[in-house]
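None of the values given here were measured: they were computed from a predicted structure. Count residues from 1 along the sequence. All values below come from the heavy atoms of this structure, side chains included, with hydrogens, waters and symmetry mates left out.
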Amino acid sequence: MNIMSYKRIMMSIAVIVAVGAGVAGITGAFYSDTETSEGNIFTAGSIDLKVDHLSQTYNGVDCETCSVDLYSGTHTQVVGSNDTASNDGPFPQDAVEVANPHNNWADESLHAPAQWIWEDSETDPNDTQNDAEYTFEETFEWFGSVAGLNLDLGLGADNGYKIVLNNVVIVDELDEEHNYENVVQLTAGQKTTFENALLQGENVLQITVRNHAGVSNPDNNPAGLLYAFSIENAECEDGVDGFQQACQLWSETDLDGSHTFWNFGDIKPGDYGSNVISLHVYDNDAYLCMFPHGEEQSSPNGGNIADYIEVFTWNDMDNDGNYDPNDSEYEIQTTTLGSLESLANYDPSNENFLSATSTEYIGLSWCAGTIDVDETTGDISCDGSEVGNDAQASSFSSSFTAYVEQVRNNGNFSCDAGLPASEGDTTDQT
């Protein structure tokens, strides 16, 4: 090997070493790691209690909805539109009374308090040219018979319309011209379809109106909806002191003081009744207490009707209003209305609570007299023979407050401690 060759070899080695050092330096720079945990949040939990009242009887008569009246107005919600409508939301929005109903439209005073409504007080010029559609919605509750109803369901629209009850199409006239007509009545077949679509509890009525493309001037091609729907239950009875006219049933809701489990103005010895109350709690398992707040009004004879009304409550697992001891249903308590300290206790004392994933049903029977419960058959009877004359002309009014607290880390909770100030969902009772 000559000297030149040796130098070449050494230079090659030097280059390799230099490159190697460079790679090592680069490798050291990239061999690192950074981890970041973002969005760490502590949020306080919550409890939301809802109450249903889906069943009530009085002297063997069922509580039912006797009538519902629905009228178009600013309470009606606009819940949607088609692609050609000028207003694409967000929905829902409150409907608006039409500022200047067309002279040839049906006179709304004939259907008062119904109003001609639209999504705005005046029709948008673009909506007069593009077959714009808006869907209007109103919800209502119905409990009881859905057969043989007396229906007076009328509607006026400019132009086409479609009526849908609980996702069932009752009539579809969207392609038809109905402008300037008087209120359109449903046919016998459409009424039957309406009855078949009616649900127990909440119902959703939707009416879609299409303003057919035409003259660009909104004065010549306006849009509007007018409806006046009356639903009457022909099976409602006039007897039992107007019970069905005064009783209340409702679906799952927050109590606001207007909900009543009882409203009786002329209780007599031997009168009896029942209720089913359902309780739902969301987001957290919870203990529950239902506290009564009673106000007695003595009769001239010195007695109190609350001392003569006995109450029996049980865990009504199947929500049928019947006490079924053979199906694991159990008594909560039997007492007089005047001595009732809590309608229901779900606390550590009985190792019971409301689960956030289930519903609890409380059955209640009352008797103006002595209540008797057969623990074998579950039959409940009422004997009013021991009610004294001193109870005449007395009254008892009470409110019930449903109060919940979380179960977790709260083992010392007790309904015996009473209701904290300004807490709970309340319903006034009479």
Q.
For W142 and F140: C-alpha separation, side-chain torsions, deciding distance, then whether ring-ring contact (aromatic ring centres under 6.0 Å, His included) applies.
A. CA-CA 7 Å; W142 185 267; F140 64 95; 7.4 Å; no

Using the side chain to side chain contact (heavy atoms under 4.5 Å, CB included) criterion, which residues pair with [X]? Sequence neighbours excluded.
{"X": "Q406", "result": "I47, R408"}
{"X": "D94", "result": "Q77"}
{"X": "A147", "result": "S145"}

(Q) Y323 vs D379, test: side-chain contact (heavy atoms from CB on, under 4.5 Å). Steps then yes/no. (A) CA-CA 7 Å; Y323 178 47; D379 292 339; over 6 Å; no

Residues 365-374 side chain polar contacts: donor-acceptor under 3.5 Å, at least two apart:
{"from": "D374", "atom 1": "OD1", "to": "T376", "atom 2": "N", "distance (Å)": "2.8"}
{"from": "D374", "atom 1": "OD1", "to": "T377", "atom 2": "N", "distance (Å)": "3.1"}

Q: With sequence neighbours excluded, give me every salt bridge (charged side-chain N to carboxylate O under 4.0 Å, His left out) pair touching residues 331-349.
A: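 Listed once each, the pairs would be none.
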
[X] and [Y]: side chain donor to acceptor below 3.5 Å:
{"X": "S230", "Y": "D69", "answer": "yes"}
{"X": "E176", "Y": "N159", "answer": "no"}
{"X": "Q248", "Y": "H53", "answer": "no"}
{"X": "E138", "Y": "Y71", "answer": "no"}
{"X": "Q56", "Y": "Y58", "answer": "no"}
{"X": "Y161", "Y": "D172", "answer": "no"}
{"X": "E119", "Y": "S81", "answer": "no"}
{"X": "D52", "Y": "S251", "answer": "no"}
{"X": "N315", "Y": "Y330", "answer": "yes"}
{"X": "Y134", "Y": "N87", "answer": "no"}
{"X": "D127", "Y": "N211", "answer": "no"}

State the [atom1]-[atom2] distance between [X] and [Y], to the nearest 0.5 angstrom.
{"X": "L255", "Y": "F261", "atom1": "CG", "atom2": "CZ", "value": "6.0 Å"}
{"X": "N319", "Y": "S55", "atom1": "CG", "atom2": "OG", "value": "7.5 Å"}
{"X": "I309", "Y": "I267", "atom1": "CD1", "atom2": "CD1", "value": "6.0 Å"}

(Q) Once you measure the plane-to-plane angle for Y227 and F229, does it fall in the parallel (<30°), tilted (30-60°) or perpendicular (>60°) bin? (A) tilted

Q | Plane angle bin for W105 and H102 - parallel if under 30°, tilted between 30 and 60°, otherwise perpendicular | A | tilted

Going by heavy atoms in the side chains, are [X] and [Y] under 4.5 Å from each other?
{"X": "L49", "Y": "L354", "value": "yes"}
{"X": "N221", "Y": "T123", "value": "no"}
{"X": "E329", "Y": "D316", "value": "yes"}
{"X": "M290", "Y": "L279", "value": "yes"}
{"X": "W262", "Y": "L364", "value": "yes"}
{"X": "F264", "Y": "F243", "value": "yes"}
{"X": "E360", "Y": "Y346", "value": "yes"}
{"X": "Q190", "Y": "E195", "value": "no"}

Q: May I ask you to say whether K268 pairs ionically with D266, meaning some side-chain N is under 4.0 Å from a carboxylate O?
A: yes

Q) Which pairs pass disulfide (SG to SG under 2.5 Å) with one or both residues in residues 247-278, sequence neighbours excluded? A)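 Non-adjacent pairs meeting disulfide (SG to SG under 2.5 Å): C63-C247.
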
Q | Member of Q244, E235, E232 meeting the side chain to side chain contact (heavy atoms under 4.5 Å, CB included) criterion with C66 | A | Q244

Q. Which is it for V78 and E137 under the side-chain contact (heavy atoms from CB on, under 4.5 Å) test, yes or no, and what are the steps along the way?
A. CA-CA 6 Å; V78 185; E137 181 177 288; over 6 Å; no

Q.
S278 vs T359, test: side-chain hydrogen bond (donor to acceptor under 3.5 Å, both in side chains). Steps then yes/no.
A. CA-CA 7 Å; S278 62; T359 301; over 6 Å; no

Q: Any chance you could lay out the side-chain contact (heavy atoms from CB on, under 4.5 Å) test for L198 and N203, step after step, and finish with the verdict?
A: CA-CA 7 Å; L198 197 60; N203 291 264; 3.5 Å; yes

Q: Given side-chain hydrogen bond (donor to acceptor under 3.5 Å, both in side chains), test S342 with N345 step by step and report yes or no.
A: CA-CA 7 Å; S342 178; N345 284 8; 2.5 Å; yes

Q.
Let's go through F413 and Y287 carefully: what are the C-alpha distance in whole Å and the side-chain angles of both, what is the deciding distance for ring-ring contact (aromatic ring centres under 6.0 Å, His included) to 0.1 Å, and is it a yes or a no?
A. CA-CA 8 Å; F413 176 83; Y287 297 122; 5.4 Å; yes

Q: Could you walk me through whether F143 and W250 pass ring-ring contact (aromatic ring centres under 6.0 Å, His included), step by step?
A: CA-CA 8 Å; F143 298 94; W250 63 84; 9.1 Å; no

Q) Should we count CG of N326 as having more than 12 external heavy atoms under 6.0 Å? A) yes

Q) Within a reach of under 6.0 Å around CD of E375, are more than 12 heavy atoms found that belong to other residues, nucleotides or ligands? A)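 Atom CD in E375 is crowded, with more than 12 foreign heavy atoms closer than 6.0 Å.
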
